[in-house]
Engineer: 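What follows is a single structure, and I will ask about it in a moment.
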Amino acid sequence: MKIAIVGRGELASELYSLITASSETDRYEKIFFVDLTGDEEHNVMAEEEFFHTPPDQTDILIAMGEPFMRRKMFEKYSSRGFRMTSYIHPLAYVSAEADIGSGTIAFPHVYIAPYVTTGDNTIFHTGAKIENNCRIGSNCFISLNAFVGAKAGIGDNCFIGPSASIRDSLLIGEDSIIGMGSVVTKSVAQGSVCYGNPARRVRENTTHKVFQ
């Protein structure tokens, strides 16, 4: 089986390096990037060319940090018959009692406790910790060293910034952004941008962009 990493930014390069540096690389016939334009010298296939390849021969990993783009790419590639695969780094811990969706990516030192459930196409970056009985939505990005307390819920298409902390049993509405280092002590309404300690809502997420 081949594996295609959708995207060509820093996150995609980081993921490629992790896969090829571990024993996981032996599982795949070929590992390459897919982007709007191709670059054969750097192992990048143009998207239009890729769409003419048999979908049953390649699994997909989406390596984009923007939840909106993650959702868009997930829908585009799924509609063309391509299958999402998951990648759990050997140094990540995912409980056998956790229910992990298709397309999950877990970087090194991620900890996902028992009875956590996740939607499809969500990334857990290095050191992220998800306590027991949490519900994490689809197309989310849980950043470096973020902490989600027990029984918390995070909606679809959310971005949780580096070293952010979310208290037990809180709800983060879909399409929300929690800024770097924020400490969330109250539930967050859908489509909110929050940051600070304690975190406060500063605006509505009208642009659906984390990185301006």
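Computed from a predicted model, the values in this text were never measured in an experiment.
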Engineer: Starting from the C-alpha separation in whole Å, work towards a yes-or-no answer on side-chain contact (heavy atoms from CB on, under 4.5 Å) for Met1 and Arg83.
Structural biologist: CA-CA 11 Å; Met1 180 62 66; Arg83 299 173 307 211; 2.7 Å; yes
Engineer: Has Arg200 got more than 12 heavy atoms of other residues, nucleotides or ligands less than 6.0 Å from its CZ?
Structural biologist: no
Engineer: Would you say Asn121's side chain and Arg70's backbone share a donor-acceptor pair under 3.5 angstrom?
Structural biologist: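 Yes, the answer is positive, given that a donor and an acceptor are paired below the 3.5 Å cut-off.
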Engineer: Do Ser78 and Met84 have side-chain heavy atoms sitting under 4.5 Å apart?
Structural biologist: yes
Engineer: Quick check against the 3.5 Å criterion: does Thr207 have a side-chain atom that pairs as donor or acceptor with the backbone of Lys209?
Structural biologist: yes
Engineer: So, the side chain of Thr58 versus the backbone of Lys2: is there a donor-acceptor pair under 3.5 Å, distance only?
Structural biologist: no
Engineer: Closest approach of Ser95 and Ala113, non-hydrogen atoms and distance?
Structural biologist: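 Reported closest heavy-atom pair: CB-C, 3.6 Å.
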Engineer: Any idea how Phe50 and Phe32 line up, ring-wise: parallel (<30°), tilted (30 to 60°), or perpendicular (>60°)?
Structural biologist: perpendicular
Engineer: Tyr111, Val116: one ILVMFWY side-chain cluster at the under-4.5 Å cut-off?
Structural biologist: no
Engineer: Do the rings of His125 and Phe141 sit parallel, tilted or perpendicular, given the 30° and 60° boundaries?
Structural biologist: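 Tilted.
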Engineer: According to the interplanar angle, ranging from 0 to 90°, do the rings of Phe33 and Tyr16 count as parallel (below 30°), tilted (30 to 60°) or perpendicular (above 60°)?
Structural biologist: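 Plane angle between 30° and 60°, so tilted.
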Engineer: Under 4.5 Å between any side-chain heavy atoms of Glu10 and Glu14, yes or no?
Structural biologist: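 The answer is no; the side chains never approach within 4.5 Å.
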Engineer: Tell me, please, which residues at least two apart from Arg71 pass side chain to side chain contact (heavy atoms under 4.5 Å, CB included).
Structural biologist: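 With neighbours one apart ignored, the set is Phe68, Glu75, Asn139, Asn157.
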Engineer: To the closest 0.5 Å, what do you measure between CD1 (Ile123) and CD1 (Ile105)?
Structural biologist: 4.0 Å
Engineer: State whether the side chain of Asn205 and the backbone N or O of Asp175 hold a donor-acceptor pair below 3.5 Å, judged by distance alone.
Structural biologist: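 At least one qualifying donor-acceptor pair exists.
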Engineer: Are the side chains of Thr104 and Asp120 in touch, meaning some heavy atoms are under 4.5 Å apart?
Structural biologist: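 They are not in contact (no side-chain heavy atoms under 4.5 Å apart), so the answer is no.
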Engineer: If hydrophobic clusters are built from ILVMFWY residues whose side chains come within less than 4.5 Å, do Tyr195 and Val210 share one?
Structural biologist: yes
Engineer: So, Ser187 side chain and Leu171 main chain: donor-acceptor pair closer than 3.5 Å or not?
Structural biologist: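 Confirmed, Ser187 side chain pairs with Leu171 backbone.
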Engineer: Is a side-chain N or O of Ser192 found less than 3.5 angstrom from the main chain of Cys194, in a donor-acceptor match?
Structural biologist: no
Engineer: Are Phe211 and Leu15 joined in one hydrophobic group, where the rule is that I, L, V, M, F, W and Y side chains link up if heavy atoms are under 4.5 Å apart?
Structural biologist: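 Shared cluster, yes.
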Engineer: For the OG atom of Ser176 and the CD atom of Gln190, what is their distance to the nearest 0.5 Å?
Structural biologist: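 Reported to 0.5 Å precision, the distance equals 7.5 Å.
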Engineer: Tell me if a side-chain donor or acceptor on Ser79 pairs with a main-chain N or O of Lys76 at a distance below 3.5 Å.
Structural biologist: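 Judged by distance alone, yes, a pair lies under 3.5 Å.
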Engineer: Out of curiosity, Glu131 CD to Asn133 CG, how far, rounded to the nearest 0.5 Å?
Structural biologist: 10.5 Å
Engineer: Please step through side-chain contact (heavy atoms from CB on, under 4.5 Å) for the pair Ile19 and Tyr28, ending with a clear verdict.
Structural biologist: CA-CA 10 Å; Ile19 296 173; Tyr28 306 112; 4.2 Å; yes
Engineer: Using the rule given for side-chain contact (heavy atoms from CB on, under 4.5 Å), can you reason through Thr118 versus Phe124, listing the C-alpha separation, both sets of side-chain angles and the distance that settles it, and then say yes or no?
Structural biologist: CA-CA 11 Å; Thr118 80; Phe124 299 90; 3.8 Å; yes
Engineer: Measuring from atom CD1 of Ile160 to atom SG of Cys140, what distance do you get when rounded to the nearest 0.5 angstrom?
Structural biologist: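 That separation rounds to 7.0 Å.
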Engineer: Can you tell me if Glu47 and Tyr77 form a side-chain donor-acceptor pair at under 3.5 Å?
Structural biologist: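 Side-chain D/A pair, Glu47 to Tyr77: present.
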Engineer: Between Val34 and Val44, is there a side-chain heavy-atom distance shorter than 4.5 Å?
Structural biologist: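 Sidechains of Val34 and Val44: no contact.
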Engineer: Could you check whether any side-chain N or O of Asp168 sits under 3.5 Å from a backbone N or O of Ala150, counting only pairs where one atom can act as donor and the other as acceptor?
Structural biologist: yes
Engineer: If hydrophobic clusters are built from ILVMFWY residues whose side chains come within less than 4.5 Å, do Val6 and Ile3 share one?
Structural biologist: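 The answer is no; the residues belong to distinct hydrophobic clusters.
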Engineer: Out of curiosity, Asn132 CG to Ile112 CD1, how far, rounded to the nearest 0.5 Å?
Structural biologist: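 Rounded to the nearest 0.5 Å, the CG-CD1 separation comes to 13.0 Å.
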Engineer: Please determine whether side-chain contact (heavy atoms from CB on, under 4.5 Å) holds for the pair Val110 and Thr126, giving the CA-CA distance in whole Å, both sets of side-chain angles, and the decisive distance to 0.1 Å.
Structural biologist: CA-CA 6 Å; Val110 163; Thr126 305; 5.9 Å; no
Engineer: Between Ser182 (side chain only) and Gly196 (backbone N and O only), is there a donor and an acceptor less than 3.5 Å apart?
Structural biologist: yes
Engineer: Quick one: do the Thr206 and Glu204 side chains pair a donor with an acceptor below 3.5 Å?
Structural biologist: no
Engineer: Does NZ or CZ of Lys129 lie under 6.0 Å from the centre of the six-membered ring of Phe147, at an angle within 45° of the ring axis?
Structural biologist: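 No, Lys129 does not sit over the ring of Phe147.
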Engineer: Going by heavy atoms in the side chains, are Ile178 and Phe159 under 4.5 Å from each other?
Structural biologist: no
Engineer: Any side-chain donor paired with an acceptor under 3.5 Å for Thr185 and Arg167?
Structural biologist: no
Engineer: Is Ile136 reachable from Ile62 through a run of hydrophobic residues whose side-chain heavy atoms are each under 4.5 Å from the next?
Structural biologist: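 Hydrophobic grouping puts Ile62 apart from Ile136.
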Engineer: Could you state the interatomic distance from CZ (Arg8) to CG (Leu36), rounded to the nearest 0.5 Å?
Structural biologist: 13.0 Å
